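Report on the structure given below.
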Amino acid sequence: MCYFSVPFIFLEQCIYESITNLIFLYLRSGLEEVFPDVRSLCILHSSSSLPADSFSHIPLLEHLYLDGSHLAKVTSGAFAGLPKLRFLHILVSSSWGGVNVTLEPGVFQGLSSLEELTLAGMSLALAPPALLDPLVRVRSLRVDRAGARDLGELFCLLSPGMEKLETLELPDSMVSSIQNGGCSGSNPWPTVLLSRIRILDLSGNPVRRVEPKSLSVFQNLSSLSLSMVDVWVGQLWGSGMGRVNKLYLSSYTLKQFTPSLSDLCTLVVKHGVESLDLHLALITAFTAEVMKRCGPGLRQLSVTSEDLSGMDLGFWTGTGQIQGLMMVLTKLTNASFCSAGGGRVWNLTSLILHENHLTEITTDQFSCMPLLERLDLSGNHISSLAHRALQGIPLLRVLDLTHNKISLLGEDDFEGLPALEVLLLEGNKISGGIAHGVFRRQHRLQDLSLGEIDIIYQLYLNMLFLGFPTKLQHLLIDTGPGTYLTVGHVPAPEFPMVLELRGKMIQSSDCENNMFPMVRELKVGEGTKFDCNNIFLAPYFLNLESFEFSANPEKFATPYTTINQLRKLKRLKLTNLNFSNHTDPSVTFRNLTELRSLVLINCRLNFLTRSMFTDLVSLRVLRLYSESPLILLEGVFIPLLSLSTLVFDQVDFRCDCSNGWLLDWADNSRKTQVVLLQRQQCIWHYQRLNFLSTMERLCQTEDDFLSYVSTTATVCTLLCLALGYRFLRWPCVVLFFRLRGWVERRVGRRWWRRKRRMGGQWEELIEGEEGEEVRYDAFVSFSSGDEAWVLGEMAPMLEEGEPRLRLCLHHRDFEVGKGIVDNIAENIYCSRRTVCVLTRRYLRSDWCGLEMRVATHRLLSEHSHRLILIFLEHISPFELSAFHRLAKLARTRTYLDWPQDEDERVTFWERLRRNIAERDADELHDPPEAS
């Protein structure tokens, strides 16, 4: 199903891999024809209003995303009839101030199952008082960019019946003050409701003042997020709020929040804060002495600041209970927390030092953290790991060293990490080598990513581990310029694996090993040569279920047809393959009966045919992207019995009514959703035009338009016949012969009835007439460039065999002195058959084109005449599409191909002789006219 105009169009961000229950449509006037069993719906709404009962015919809908940039009014009952809707997201504007939208009372009536509601970019200043009353089961409410100055304006919209509400998010809503002034009409805040709130998010608001006792209703928050502008932290502990487990404080803009660590510690103690997150805050006096005031309750500390120059690295000794520390973008150049701690043990379990200026990891740098389980040093400038740098942290499970400058992996770099499960080295250019046995102690390793391996021509996986970690589930290797990958003799992994290979060239010398059969998901990066002894490597992954492959067809000419051996494949994504030169697409997708998702991106496909998809009976999602023109032959999607979603990311069509079948199919299909078709373009006189609008103009079928076109065509035809004989003589000759044939048939029928009454024998008369009028068995139409084949192969085989056939050849049988057009027309009408020998030279010949036209005219006027097509060489449907009459004949009639195999040519000549020699029934018995 597909719809072509603009009131509702789908948001591309909603497209994801598993889209069996997600619908994408381009609707003509509304949502009336959306599938009733749709569960998730993403819409970009460009009309000004949302009418009542817009979705009532989709009762099973659970997720609804609306993006309405022009929305000005939502009518009462707009979401009626959605008893199972659980998630509703309405985005009106991306501006900060919010847009005034008229919300009628009862907008959310009937949403009894709604659990999450998001209203973004919508000012609620004019919202009716009981707007949210029907939402009795909502657990999470987010009002984003509402444009309210006072927090009370948003609190007063809440309904006392929202007893299950636990999460209230009001970010980026321009709230500048927090004060409990009550609601309009001297009504108080819904205190009972607010007291149940566990998560309150006020981030992104320029809060300048917090009134005393203004937050006293919140006594048991698990999380509070607040952005401030020059606010003294003391206003928070004077606000009356109770316990807060997690506190997030940030500066609205840079350098507008400068709290002292002492005040922050007082806040932590007063409100029982266990996790403190400080973002863009300028903190002074970050020392152990001040940290003592935070007490033993603080467990997690996160700091994002541009300047911590006065920080004492031993600050943690002031409160040894911190278990998680995150310092991001702090320009930290030294991480010697242990040496600054004076030998004390720190029971830290998580340390994140992302995006700092660290250049090295020194010996025993983290040895005072024996309980450390996660260490994140990504995004720094670390170039080397000192000897025993990672000693003393035997419980470490996750180590992230991505995007550093590590060039060498030494034998003992990870010696002291026996419990390591995740090791990430992506983004490091490893040019100095990888020592054998570097990961020999990591027997529990589950996830390993190796950085760009440069100047390493042979990589032995078994030598890296001196065995193989049997629990490994994800392995990423970036080979850079390329390498030979050898797995070696390793035990089979215990769990299915995900293997990612990146690099310009990956070759393997041991294709059959214990690891490849355990790989279920394989991703091969862009520009990669991927083979084993010059054979495409993918078929060696026998149990593969998901395969993503991106090639460089300009450099590597590898046939990929062996993909059809991956019979268990369920998801296939191919990018930049060259099907036109090296791979037969009709063979590539054979046997893939379990394939459910197919993505083809720039695969050099000139056209798609039905034979390509014959075996894809389970395919549900087909996604196409092509930067070169792509032709879809009629009926190409018929074999795809399970197809539910067809996505045209980018496909250039021809502006031709022959593509009209696609529009009819998309409009009439009740099981397939066609996505993004209205964005596609077609080529028309070297211009790119919108495909749908151009097709509607070219191929419009309304009665009034057809009447106008037929009248205009009739007048133009008469004028052309009167004035065009001087310049278009041969069409007139063809018309003369058509009229003559019609008259002869009419006279012949009357004469037949008269002779029948006289008792004459029709067979004898036919034989006499045939001997007089039909001089040849076949008229042979061929190009002069193919004359050698006709005279050397065809003529001897047909004229000398049994029965002997009479062929009309233009160089031998045309009457000397008569016009060429007259000779062509007369000899075609004096032949029982017309045989066209088709080559590319034939298509370029004007005289051959004239012979084809005369023969097809006779075929239309005399149904007894037979036209036989012989393809002397292979001509693709793309090349034939420029010759409409011939392309139509090739689609609707059986033709002969000249076989390349000598043994098959005997059958070819027998079939050709039989088709020329046999007579149709209506040649012997011309039926009488109906009385």
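The structure presented is a predicted model; accordingly, all values stated were derived computationally and were not measured.
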Exercise. Can His381 and Thr359 be counted as having a side-chain donor-acceptor contact under 3.5 angstrom?
Worked result: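 No, Thr359 and His381 have no side-chain donor paired with an acceptor closer than 3.5 Å.
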
Problem set entry | Step-by-step side-chain contact (heavy atoms from CB on, under 4.5 Å) determination, Val519 to Val498 | CA-CA 6 Å; Val519 175; Val498 177; over 6 Å; no

Exercise. Which atom pair, heavy atoms only, marks the closest approach of Ser336 to Gln365?
Worked result: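 It is N-NE2, 3.7 Å.
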
Exercise. Which heavy-atom pair separates Phe337 from Leu332 by the least distance, and what is that distance?
Worked result: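 That closest heavy-atom pairing would be CZ-CD2, 4.3 Å.
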
Problem set entry | By ring pair (Phe, Tyr, Trp, His ring centres under 6.0 Å) - contacts of Phe286 (at least two apart) |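 Phe315.
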
With a 4.0 Å cut-off on N to O distance, would you call [X] and [Y] a salt bridge?
| X | Y | answer |
| --- | --- | --- |
| Asp649 | Arg623 | yes |
| Arg502 | Glu452 | no |
| Glu274 | Arg243 | yes |
| Lys523 | Glu521 | yes |

Exercise. Taking the side chain from Ser305 and the backbone from Ala281, do they hold a donor-acceptor pair closer than 3.5 Å?
Worked result: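 Such a contact is found between Ser305 side chain and Ala281 backbone.
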
Exercise. Okay, side chain of Asn380, backbone of Asn356: is any donor-acceptor separation there less than 3.5 Å?
Worked result: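 Flag set: sc Asn380 to bb Asn356 pair under 3.5 Å.
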
Problem set entry | Intermediate values then yes/no, side-chain contact (heavy atoms from CB on, under 4.5 Å), Glu512 and Tyr540 | CA-CA 7 Å; Glu512 298 179 355; Tyr540 292 96; 4.2 Å; yes

For this session: Sort and list the pairs that fulfil salt bridge (Lys or Arg N to Asp or Glu O under 4.0 Å) and have at least one residue in residues 280-289, not counting sequence neighbours.
Result: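 Qualifying pairs: Glu289-Lys292.
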
For this session: Quickly, which of Arg440, His387, Gln391 forms a side-chain hydrogen bond (donor to acceptor under 3.5 Å, both in side chains) with Glu415? Name it, please.
Result: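 With Glu415 as partner, Arg440, His387, Gln391 yield a single side-chain hydrogen bond (donor to acceptor under 3.5 Å, both in side chains), made by Arg440.
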
Exercise. Applying the salt bridge (charged side-chain N to carboxylate O under 4.0 Å, His left out) test to Glu421, which of Arg444, Arg397, Arg374 qualifies?
Worked result: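 Of all the options given, the one that passes is Arg397.
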
For this session: Could you go through the ring pair (Phe, Tyr, Trp, His ring centres under 6.0 Å) check for Phe465 and Tyr460 one step at a time?
Result: CA-CA 9 Å; Phe465 303 98; Tyr460 296 92; over 10 Å; no

For this session: Count the heavy atoms belonging to other residues, nucleotides or ligands that lie under 6.0 Å from CZ of Arg299, then report whether that count exceeds 12.
Result: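 Count over threshold, so yes.
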
